[in-house]
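First comes the structure, then the notes that go with it.
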Amino acid sequence: MSQFQLKVLHVLENKYFQNAEVVAGHEGLLRIVKWAHVLEIVHVDNFLVGEELVLTTGISLQHGIEDFITFIESLIDKNCAALCIEYGSSIQAVPEAILAIANRQQFPIIVFHEEVPFVRITQDLHSQIINQQYLMVSTLESYSQTLNKNTVLGQNTDDILQNMYNELKTQIMFSIKGREPVLFPNMTKSKRQQLLALNKYAQQFKHEPIFIFDQHYADLTIFREDGLFSEFELLILDRTATALAQLLMREFYIEEKKNIEDASILADWIDQKLSKEEIYKFIVSYYTNYSHSSGAVFVLATANTVMKAQEDIVYSKLYYRNLFEQHGFIPFLFERKSYVIFILLHTKDGRAIREILNSIFTSLPKTEFYKKQQTQGFQIAVGKVVADVQEISKSYQTALETLYICHKVQTSSFFYDDLHLYHLIYKLQMQVNLKEVINDYLQPVIEYDEKYNSKLLETLQVYLQSNGSKQQTANQLFIVRQTLYHRLKKLESLLGENFMKGHNRITLEFMLLANSLIDDKS
């Protein structure tokens, strides 16, 4: 937008430049001028920051071509806009070597054939620059007010993009991850394909990412064939991206309100009170193009001892909803007691769903959001991946079991599929008095630890996990080998000499897992 930028080409229209001549660097006349500066020294590094129009009488350049070359190369390195030289007693012509450098670097050199008032030039140019900056700020303020006003009136994405186009008159692209990009104004199919085929990191594009709950949700992009974006265009891009983020947030909250209205249907779904036809009818009411899919249940739980603010719950629901949608899931969610329950459907098969979920929950613990949730007492679990929507209740039940297991035992995973042995113990606990069975095998060790305040049970567990490696066991327990030998000898006397062989070892490993699950640590 030239009205907010002073370029070298515009400087030549100034009254003091009427008789000036561009002697080199004609291809650089579109360079931006952000200030005008008078310099009469050769070494300029400490006096320039970039995009200055430099004026000089050449008093320091008359002593030799080496000084002139140093001077011109320093201006180019500092990204100055142009060099203006007043011909007079100090310099009457620009050497050919300097002209060659300027032409090669597309750096304009402008000469005055008569004396000109540098002070008047700098005053004129600075006034023009300041006025343009003021006009730009005023226009940006007006634009922001228009966006805010339209927000109150219920604007949509097209309204925002239309406002942006009215200001910039350049091609706009709005891309939500996982969806086809929206081009504004729209273009023919062939031109659209050509534009999308370009490298998105090319200089013709400027992108502004849109984050929703710390997730990179979308991108707003402007395109210029010349790749010369003005400061005004970039500021409009930034403000529009902010407005779109606010609009998306509002839409998320509206959807959240609608989800509350559907809570009873979703509760009936996981409680097996809906027929397959009723389930499909409900899904199609949201997603008309729905086809058969696999699914799983994700449960977010808050510890009863934690005082939870409602805004934290809403934020969490929107965060996870956005996260799952980013990876192609169709999420349905509702609250039940201290749980937020997500029914996640996907068009891919069970194995692919498991891989996608694993990718999500591998990176999740690294986020500040997840770390904050952990300090607040939130817990998460993923149930069994099922092949049919009618089996969602199975995934829900296994998700609850997984929550219980993760609460009782420190596990490295919160996936049902990774905790099969624990689930087996959980089911056994429902059928038999597992504590009695455990005591049949481990009671001598447990009683010895209680009586002598020793650590035989811990030693046994680490020894089994280390596959009987004495060195690894001693290292993990931070004890010397002699102490370990003494403990192992005592274990042999309590469990029998063959406790590490065959079925004895398998049984002990199972009983240790069972003991960790049913042990009441409260």
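Fair warning: this is a prediction, and the values are worked out from it, not measured in the lab.
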Show the nearest heavy-atom pair for residues [X] and [Y], with the distance to one decimal.
{"X": "A102", "Y": "A24", "answer": "CB-CB, 3.8 Å"}
{"X": "Y396", "Y": "R336", "answer": "OH-NH1, 3.5 Å"}
{"X": "T367", "Y": "L364", "answer": "OG1-O, 2.7 Å"}
{"X": "Q18", "Y": "L12", "answer": "NE2-O, 4.4 Å"}

Minimum side-chain heavy-atom gap [X]-[Y] below 4.5 Å:
{"X": "T139", "Y": "E167", "value": "yes"}
{"X": "L400", "Y": "T398", "value": "no"}
{"X": "F223", "Y": "M173", "value": "no"}
{"X": "I279", "Y": "Q390", "value": "yes"}
{"X": "V389", "Y": "L345", "value": "yes"}
{"X": "F342", "Y": "F334", "value": "no"}

Could you check whether atom [atom1] of [X] has more than 12 heavy atoms from other residues, nucleotides or ligands sitting under 6.0 Å from it?
{"X": "I59", "atom1": "CD1", "value": "no"}
{"X": "K78", "atom1": "NZ", "value": "yes"}
{"X": "E114", "atom1": "CD", "value": "yes"}
{"X": "E27", "atom1": "CD", "value": "no"}

Ion pair present between D219 and K200, side-chain N to carboxylate O less than 4.0 angstrom?
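Salt bridge absent between D219 and K200.
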Check this for me: does any side-chain nitrogen of one of E325 and R321 sit under 4.0 Å from a carboxylate oxygen of the other?
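A salt bridge is present here (some side-chain N lies under 4.0 Å from a carboxylate O).
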In sequence, state the C-alpha distance, the side-chain angles, and the governing distance for F174 and F184, and then conclude on ring-ring contact (aromatic ring centres under 6.0 Å, His included).
CA-CA 8 Å; F174 178 54; F184 199 97; over 10 Å; no
Test side-chain contact (heavy atoms from CB on, under 4.5 Å) applied to [X] - qualifying residues, sequence neighbours left out:
{"X": "E73", "value": "I69, I101"}
{"X": "E141", "value": "Q145"}
{"X": "V137", "value": "none"}
{"X": "K348", "value": "H346, A352, I356"}

Taking only residues at least two apart or on different chains, which pairs with a member in residues 90-122 satisfy ring pair (Phe, Tyr, Trp, His ring centres under 6.0 Å)?
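Every ring pair (Phe, Tyr, Trp, His ring centres under 6.0 Å) pair that includes a residue of residues 90-122, provided the two are not neighbours, is F17-F112, Y87-H113.
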Pair listing, ring pair (Phe, Tyr, Trp, His ring centres under 6.0 Å) test, anchored in residues 126-149, at least two apart:
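For residues 126-149: W35-H126.
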Where do F361 and F298 land on the ring-ring contact (aromatic ring centres under 6.0 Å, His included) test, with the steps shown first?
CA-CA 11 Å; F361 291 110; F298 166 76; 5.5 Å; yes
Do [X] and [Y] have side-chain atoms, one donor and one acceptor, less than 3.5 Å apart?
{"X": "Q162", "Y": "D158", "answer": "no"}
{"X": "T57", "Y": "E86", "answer": "no"}
{"X": "S316", "Y": "Q373", "answer": "yes"}

Please test F369 against Y320 for ring-ring contact (aromatic ring centres under 6.0 Å, His included), starting from the C-alpha separation and ending with a verdict.
CA-CA 11 Å; F369 168 79; Y320 282 112; 5.6 Å; yes
Are the side chain of [X] and the backbone of [Y] linked by a donor-acceptor contact shorter than 3.5 Å?
{"X": "Q132", "Y": "I129", "answer": "no"}
{"X": "Q171", "Y": "P185", "answer": "yes"}
{"X": "N103", "Y": "A100", "answer": "no"}
{"X": "S142", "Y": "S138", "answer": "no"}

According to side chain to side chain donor-acceptor pair (under 3.5 Å), who are the partners of [X], at least two apart in sequence or on a separate chain?
{"X": "E278", "value": "S275"}
{"X": "D226", "value": "R224"}
{"X": "N358", "value": "none"}
{"X": "T70", "value": "none"}

Pairing residues for R120 by the salt bridge (Lys or Arg N to Asp or Glu O under 4.0 Å) criterion, not counting sequence neighbours
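Not a single residue meets the salt bridge (Lys or Arg N to Asp or Glu O under 4.0 Å) criterion with R120.
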Results of salt bridge (Lys or Arg N to Asp or Glu O under 4.0 Å) for D77 - residues two or more places apart only:
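Here no residue qualifies.
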Take I72 and I109 through the test side-chain contact (heavy atoms from CB on, under 4.5 Å) and record every step on the way to the result.
CA-CA 10 Å; I72 197 74; I109 296 180; 3.9 Å; yes
